[in-house]
Q: 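Input: one structure, supplied below.
The first residue in the sequence is number 1, and the count goes up from there. As the structure is a prediction and not an experimental result, all values here were calculated from the model.
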Amino acid sequence: MNLDQFPRRRYTEGRTPIEFLPNFSRAVGGPEIYVKRDDLLGLTGGGNKTRKLEFLVGDALAKGADTLITCGAVQSNHCRLTLAAAVKEGLKCRLILAEATPGAYRPDAGGNVFLYHLLGVERITVVPWGTDLLAALAAAEAEAAAEGRRPYVIPLGGSNPIGALGYVACGQEIAAQCAEGGLEFDNIVVAGGSAGTQGGLLLGLRSEGCGVPVTGISVLNPREVQQKLVYEMAEKTAGHIGAAVPVKREEIAVYDDYLGPGYTLPTAAMVEAVKLLASTEGILLDPSYTGKAMAGLIDLARKGVFPAGGRVLFIHTGGWPALFAHQELFLDK
């Protein structure tokens with residue numbers, strides 16, 4: 001799949017590394033666990049949205065945009081990175097933040113909220129959870145246009161066929177790293193939210209002839225909903241590229257057992273996972289995405305779903321700045 005046909009900005013020099021986690025693997029028991037360090041991607045704080053934004057911002061600039069508009073939860077990594085890309089390109093940025101619980105947004109909060117203000121966000125609109133975000137984005141776009149702006153709307157999580165190209169590229173990158181390094185994995189594990197990462201990743205891997213299973217740990221939707229979203233994203237992205245879809249519907253693997261009470265809401269297993277990786281390898285996860293995804297990996301390893309003697313690759317999609325808005329979860333009482 002040739003991605004050179006699409007406008008793209010480069011925010012990271014070279015590939016992100018694949019690292020073996022020997023101390024963490026011993027602590028978990030079972031397979032050898034590796035991590036793809038997409039938390040080291042460029043822009044403020046890194047994370048998977050940087051890959052998506054390379055194509056989304058490339059498209060925005062090609063269309064002459066001067067303002068980026070997007071949405072997310074209060075501590076949204078996607079909103080942080082969209083804003084960082086806007087700063088990098090000399091664009092303005094407006095954010096719509098949905099509160100999972102009333103009063104969750106405080107202008108003086110830490111984590112990503114602090115970074116929104118430090119990076120110079122132009123406007124933040126706070127809406128209740130359950131708001132029609134597509135309608136809210138459309139309204140914000142119309143408002144900006146009425147002001148004489150040239151707005152470019154980026155959907156939740158940067159997940160559309162343009163943004164998913166970033167993880168098609170990542171899948172191709174992983175396939176090349178494995179071939180060059182003689183690495184073989186029995187499974188790849190990734191957090192599943194707006195579906196662009198898992199859908200794009202599957203498409204990129206399969207386009208390179210790499211058949212390793214990709215397991216999504218849903219942090220947002222029930223399993224059936226997430227499976228449908230991932231397949232549709234892979235299908236639409238392949239159509240955008242102009243290629244056949246080498247992803248089969250039945251290979252979309254998703255677990256929703258680790259979601260807990262809901263999106264962005266903490267679980268004890270997430271806290272254990274964050275603490276364990278930090279204390280064994282010095283790598284930080286986040287409370288909403290990678291912490292829950294790693295909790296899933298740990299549990300599946302302990303249950304033998306990922307058996308001893310195998311190799312599992314965890315895609316670290318970033319998000320650690322959000323830790324600093326939830327310090328109370330991780331400090332011993």
Side-chain angles (χ1 to χ4, degrees), residues 18-39 47-48 77 100 174 184-195 197-199 201-202 212-227 229-230 250-320 322-323 326 329-332:
I18 292 175
E19 298 180 11
F20 177 45
L21 304 177
N23 302 323
F24 184 75
S25 297
R26 282 193 294 271
V28 172
E32 292 183 352
I33 300 170
Y34 290 70
V35 60
K36 173 70 168 165
R37 295 294 304 274
D38 273 12
D39 58 313
N48 64 325
N77 302 309
I174 291 170
E184 293 184 5
F185 292 105
D186 301 293
N187 214 295
I188 295 175
V189 175
V190 65
S194 52
T197 299
Q198 188 176 357
L201 185 63
L202 273 164
V212 61
V214 177
T215 298
I217 306 296
S218 180
V219 302
L220 180 60
N221 297 306
R223 183 174 64 88
E224 293 79 5
V225 172
Q226 191 68 14
Q227 286 175 315
L229 289 174
V230 171
E250 59 269 21
E251 71 175 312
I252 310 296
V254 172
Y255 287 86
D256 60 5
D257 311 67
Y258 310 101
L259 176 59
Y263 180 55
T264 77
L265 302 178
T267 66
M270 174 276 292
V271 172
E272 179 200 358
V274 171
K275 286 184 172 182
L276 187 59
L277 188 61
S279 63
T280 56
E281 300 288 350
I283 297 174
L284 301 179
L285 301 171
D286 83 293
S288 299
Y289 292 87
T290 53
K292 287 185 176 180
M294 188 62 88
L297 189 159
I298 291 169
D299 187 58
L300 292 171
R302 289 173 175 169
K303 288 176 176 176
V305 176
F306 302 145
R311 284 180 176 166
V312 176
L313 177 64
F314 180 79
I315 308 296
H316 192 332
T317 52
W320 59 265
L323 284 174
H326 301 284
L329 295 174
F330 306 100
L331 297 175
D332 294 331

Q: Compare every heavy atom of Asp39 with every heavy atom of Gly318, then report the nearest pair and how far apart it is.
A: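 Here Gly318 and Asp39 meet closest at CA-CB, 3.8 Å.
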Q: Between Arg311 and Glu184, which heavy-atom pair has the shortest distance, and what is it?
A: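 Nearest pair, atom of Arg311 first, then Glu184: CD-O, 3.3 Å.
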Q: From Asn48 CG over to His316 NE2, what is the distance, rounded to the nearest 0.5 angstrom?
A: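 These two atoms lie 10.5 Å from each other.
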Q: Is a donor on one side and an acceptor on the other found under 3.5 Å between the side chain of Gln198 and the backbone of Ala253?
A: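 Yes, because the side chain of Gln198 sits within donor-acceptor range (under 3.5 Å) of the backbone of Ala253.
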Q: If the condition is side-chain hydrogen bond (donor to acceptor under 3.5 Å, both in side chains), which residues does Ser25 pass it with, not counting sequence neighbours?
A: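 Ser25 satisfies side-chain hydrogen bond (donor to acceptor under 3.5 Å, both in side chains) with no other residue.
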Q: Throw together a table of side-chain donor-acceptor distances under 3.5 angstrom for residues 295-305, partners on residues two or more places apart or in other chains.
A:
residue	atom	partner	partner atom	Å
Asp299	OD2	Tyr258	OH	2.6
Asp299	OD2	Lys303	NZ	2.9
Arg302	NH1	Glu272	OE2	3.1
Arg302	NH2	Glu272	OE2	3.3

Q: Calculate, to the nearest 0.5 Å, the distance between atoms CE and CD1 belonging to Met294 and Ile217 respectively.
A: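 Reported to 0.5 Å precision, the distance equals 10.5 Å.
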Q: Cut-off 3.5 Å, no hydrogens considered: what does the side-chain donor-acceptor table look like for residues 260-271, sequence neighbours left out?
A:
residue	atom	partner	partner atom	Å
Tyr263	OH	Tyr289	OH	2.1
Thr267	OG1	Met270	N	3.0

Q: Gln226 side chain to Gly193 main-chain N or O, any donor-acceptor pair under 3.5 Å?
A: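 At least one qualifying donor-acceptor pair exists.
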Q: Closest approach of Gly291 and Ala273, non-hydrogen atoms and distance?
A: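 Distance-wise, the nearest heavy atoms are O-CB, 3.6 Å.
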Q: For Glu281, which residues count as a side-chain contact (heavy atoms from CB on, under 4.5 Å) partner, sequence neighbours excluded?
A: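 Partners of Glu281 under the side-chain contact (heavy atoms from CB on, under 4.5 Å) test: Leu21, Pro22, Asn23, Phe24, Leu277, Ile283.
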Q: Would the distance check show the side chain of Asp186 and the main-chain N or O of Val312 forming a donor-acceptor pair, the cut-off being under 3.5 Å?
A: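 It does not hold such a pair.
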Q: Nearest 0.5 angstrom please: Leu202 CG to Glu251 CD, how far?
A: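 If we round to the nearest 0.5 Å, Leu202:CG and Glu251:CD are 5.5 Å apart.
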Q: Does atom OH of Tyr34 have more than 12 heavy-atom neighbours, drawn from other residues, nucleotides or ligands, at distances under 6.0 Å?
A: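 Enclosed.
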Q: Under the side chain to side chain contact (heavy atoms under 4.5 Å, CB included) criterion, do Phe314 and Thr290 qualify, and how do the steps go?
A: CA-CA 9 Å; Phe314 180 79; Thr290 53; 4.1 Å; yes
Q: Rounded to the nearest 0.5 Å, what separation is found between the CD1 atom of Ile252 and the OG1 atom of Thr215?
A: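 Spacing of CD1 (Ile252) from OG1 (Thr215) equals 10.5 Å.
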Q: Nearest 0.5 Å please: distance from the CH2 atom of Trp320 over to the CG atom of Asn77.
A: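 One gets 10.5 Å once the value is rounded to the nearest 0.5 Å.
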Q: List in chain and number order the residues that pass side-chain contact (heavy atoms from CB on, under 4.5 Å) with Ala278, two or more places apart in sequence or in another chain; answer none if no residue qualifies.
A: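 Expected list: Leu284.
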Q: Show the numbers, then the answer: is there a side chain to side chain contact (heavy atoms under 4.5 Å, CB included) between Ile188 and Leu201?
A: CA-CA 10 Å; Ile188 295 175; Leu201 185 63; 4.1 Å; yes
Q: Distance check, rounded to the nearest 0.5 Å: Asp286 atom CG versus Thr317 atom OG1?
A: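 That separation rounds to 6.5 Å.
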Q: Arg223: which residues meet the side-chain contact (heavy atoms from CB on, under 4.5 Å) condition with it, sequence neighbours left out?
A: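 Arg223 satisfies side-chain contact (heavy atoms from CB on, under 4.5 Å) with Gln227, Val254, Asp256 only.
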